[in-house]
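Since the structure comes first, as C-alpha cells, the remarks are kept for the end.
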Amino acid sequence: MPKILLLILVLLVPNLLFATSYDDEWPIYVYGTASYYKLIFDGIAFVVGDVPFMDSAEKFVFLLSLIFTARSFSQSDLAGGLWNTAAGLGVVGMLLLPSSTVHILDVRTLHGVVHSPDVNVSTGTSYSGYSKVDNIPFYLAAVPSLATSLKYTIIDVSTDALTPISGGSFRDTGFATPMTLAEDMISASSFDYSKDNTYVMPKFQQQLSNYIQKCIIENVLYIDPTQRFGIMDPKMNSLDALKPSNFSSMNLETTEITDVRGATTTCGDFWNNNILANKTNVETTMLGQLSLKNSKINMSAIAPAVASIAGLESDAAVASTSLTNAMMNTAVTTTLVNAFNKAGTGLSGIDLSNAITAQQSLYQNMTDSTGQFKWMIKVIPVIEFLIFGILLFLGIPMGIVAGVSGIKKGGNMLINYAFGLIAFSFIDVGLSIVQAISLFYYQDKMADAMIMLGSNPFTAHNIPLYMQEMGY
C-alpha cells in the first residue's frame, strides 16, 4: 500500500506544480527541438488509437485476468481474485486508453539564447519550441511529465549555482553549444565565403589582397623590409596595422597606384573606398557565418560564453565585438600571409603559411575526429533521444503485462518503470553539471593562454599557437 500511495503522489506532482501553465494537462520539458519528441508521442498516440490493436490488448488482458481470478477463487482467495480483475481493467484504462494531452516545451527557448516564435500554447500551434500531442494514455503522459519536471527543477537550480558565464549553460543552449561555437570560430575565420548573393566576403578579400600587394608590398616592404615585423605580428588589430596612416613617413596615403581595372588612385583612397567602407558589413557577415550551423541561436546572447571559452573579452556589452575582432584578425592575417607567398618578394610567408595550415589540420583532427569532442557532442543527444523513445514505447507492452500480473506484481512493475524513466531523465542533470564545470575550465585555461600570446594572439606567428591551445 505505501508503494501505491507513492506512485499516486508521483503522478500528481507535475500536474500540481505546472497545471496553471498547461490547462491542467501534462508538460514535457526537453532541452532540444520539441518536434523530435513530438514524433515519439505521435507514435504512441497512433498505436493506442489503432482499433484492432486496442481490441486485441483488451481481450488479452481481460482473458488472463479472468484466468488468474478463477485460480484465486479455486484457492478460496476471493479478495485476491477481485483485486486481479480490478487491477487488469484499471491498468488497461490507465496505460492504454488515450485520455491525456502532453505539451512538449523546449526549455532553451525560455532564456533568450535559442530563438522561438511567440505563440499561445493553448492553441496547440506546433513549432520547434513547442508541440502539443493529444490522445496519450494517462500513465505514459504522467510519468514522463514527472521525470522531466524534476529534471527541469534540478537543472534550473544547479545552473544558477554553478554556471560561471551568462548564456552558456545547458539550460540556455542544450549540450555544449558554446564549446562547438568556440571551436567553429576557427573555421569561420575566413573571407572565403560566398553563400550570399552579394558576395561580400570574397569581394573584400580580393580588395584587401590588392591593397596588400599594391601598397604594402610594393610601396612599403620593397623600400623598408624591416616593416614586415610590425605587419606580420602587430600589437594592434591586424587590419588596423595595415592602414596607410601607419606609414606616414613613406607618404603611403598619397602614393598613387593602378588598381585591377587600370584606374589610377591613391593608397589612402583605395583603403577608404574598398576596405573601411565594407569593414562593418564584412564583420556582420562573419559573425553570422559563425552561427550557420546553429541557426536558431541568438549570437548576441551566447557571445559572452563563446568569447570566454575562446579567451576573449566576455563582457556582455562587447562580447560580440571581441568575437568579430578575433575572426577578422585571423582572416586578415591569413590573407596577408597568402599575399606574401604570391608576391615572391623574398619576405617569405611560406613557412608561416605551412605552420598555420599544419596547425589547422591538427586542430580539426583533435576536435572533429570520430570519438573526439564534436563527434561526442553530436552523438550524445541523439542517443538520449532514441533511448527515451524506446523507453516510452516499451510502456505499452509493459502496461499489458502489468495488467495481467495482479495488483502486487503489476503495481511493482508500474513503480519500477516510473522510477527507471526518472533515473534516465537525470542524464541531462549530469550533462548540465559537466557543462558548467567545462565552461569554468575553458575560461581559466584560455585566459592563461592569452597572457602567453600577448595583446594580439591572431598574428602570423601566434595563430598556430592559439589553435593548438584551443584544440587541447
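Computation of the quantities below employed the complete heavy-atom set of this structure, encompassing side-chain atoms and omitting hydrogens, waters and symmetry-equivalent molecules.
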* Asked: Would you say the side chains of Asp269 and Thr266 form a donor-acceptor pair under 3.5 Å?
  -> yes
* **Side chains of Ser169 and Asp172, donor plus acceptor under 3.5 Å** => yes
* On the 0 to 90° scale, with breaks at 30° and 60°, tag the Tyr417-Tyr139 ring pair as parallel, tilted or perpendicular. => tilted
* Output the distance between atom CG (Leu312) and atom OG (Ser320), rounded to the nearest 0.5 Å. => 11.5 Å
* Any donor-acceptor pair under 3.5 Å linking the side chain of Asn246 with the backbone of Ala241? -> yes
* To do: Would you sort out whether Ser432 and Thr159 count as a side-chain contact (heavy atoms from CB on, under 4.5 Å), showing the intermediate values?
  => CA-CA 7 Å; Ser432 175; Thr159 295; 3.8 Å; yes
* Structure fact -> Per side-chain contact (heavy atoms from CB on, under 4.5 Å), Leu421 is matched among Thr148, Leu392, Leu146, Asn416 by Leu392
* Under 6.0 Å between ring centres, would you say that holds for Phe170 and Tyr31? -> yes
* Within-4.5 Å side-chain heavy-atom neighbours: Thr334 and Asn338 -> yes
* **Under 3.5 Å donor-acceptor, Asn278 side chain and Asn274 backbone** => yes
* Nearest heavy atoms of Pro244 and Cys267, plus distance in Å -> CG-O, 3.9 Å
* Got Met232 and Val337 here, is their nearest side-chain heavy-atom distance under 4.5 Å? -> yes
* To do: Would you confirm whether Asn237, through its side chain, and Leu239, through its main-chain N or O, come within 3.5 Å as a donor-acceptor pair?
  => no
* To do: Determine yes or no for a side-chain-to-main-chain donor-acceptor pair under 3.5 angstrom, with Thr254 supplying the side chain and Asn251 the backbone.
  => yes
* Asked: What residues, two or more places apart in sequence or in another chain, satisfy side-chain contact (heavy atoms from CB on, under 4.5 Å) together with Ser308?
  -> Ile165, Ser314, Gln443
* Asked: Looking just at side-chain N and O atoms, do Thr333 and Ser238 make a donor-acceptor pair shorter than 3.5 Å?
  -> yes
* **Distance in Å, Phe270 CZ paired with Lys214 NZ, rounded so as to fall on 0.5 Å steps** => 9.5 Å
* Within the side chain of Tyr211, is there an N or O that forms a donor-acceptor pair under 3.5 Å with the backbone of Leu242? -> yes
* Asked: Closest heavy-atom contact between Pro178 and Val306?
  -> O-CG2, 4.0 Å
* Asked: Could you give all pairs that pass the salt bridge (charged side-chain N to carboxylate O under 4.0 Å, His left out) test and reach residues 422-441, with sequence neighbours left out?
  -> Lys151-Asp428
* Which of parallel (below 30°), tilted (30 to 60°) and perpendicular (above 60°) describes Phe385 and Tyr36? -> tilted
* Asked: Closest heavy-atom contact between Met185 and Ser189?
  -> O-OG, 2.5 Å
* Can you tell me if Gln435 uses its side chain to pair, donor with acceptor, with the backbone of Ala176 under 3.5 Å? -> yes
* Asked: Do other residues, nucleotides or ligands put more than 12 heavy atoms under 6.0 Å from Phe440 CZ?
  -> no
* Could you give the distance from CZ (Phe138) to CH2 (Trp26), rounded to the nearest 0.5 Å? -> 4.5 Å
* To do: Decide whether Asp134 and Thr101 meet the rule of one side-chain donor and one side-chain acceptor closer than 3.5 Å.
  => yes
* Structure fact -> Value for CE (Met250) from CG (Asn219), rounded to nearest 0.5 Å, stands at 9.5 Å
* To do: Let me see the working for Phe191 and Val332 under side-chain contact (heavy atoms from CB on, under 4.5 Å), right down to the final yes or no.
  => CA-CA 8 Å; Phe191 298 129; Val332 168; 4.0 Å; yes
* **Check: Asn325 main-chain N/O paired with Asn329 side-chain donor or acceptor under 3.5 Å** => yes
* Measure the spacing between CD1 of Ile28 and CG of Asp106 and express it to the nearest 0.5 Å. => 13.5 Å
* To do: Can you measure from CG (Leu150) to CD1 (Ile155) and round to the nearest 0.5 angstrom?
  => 11.0 Å
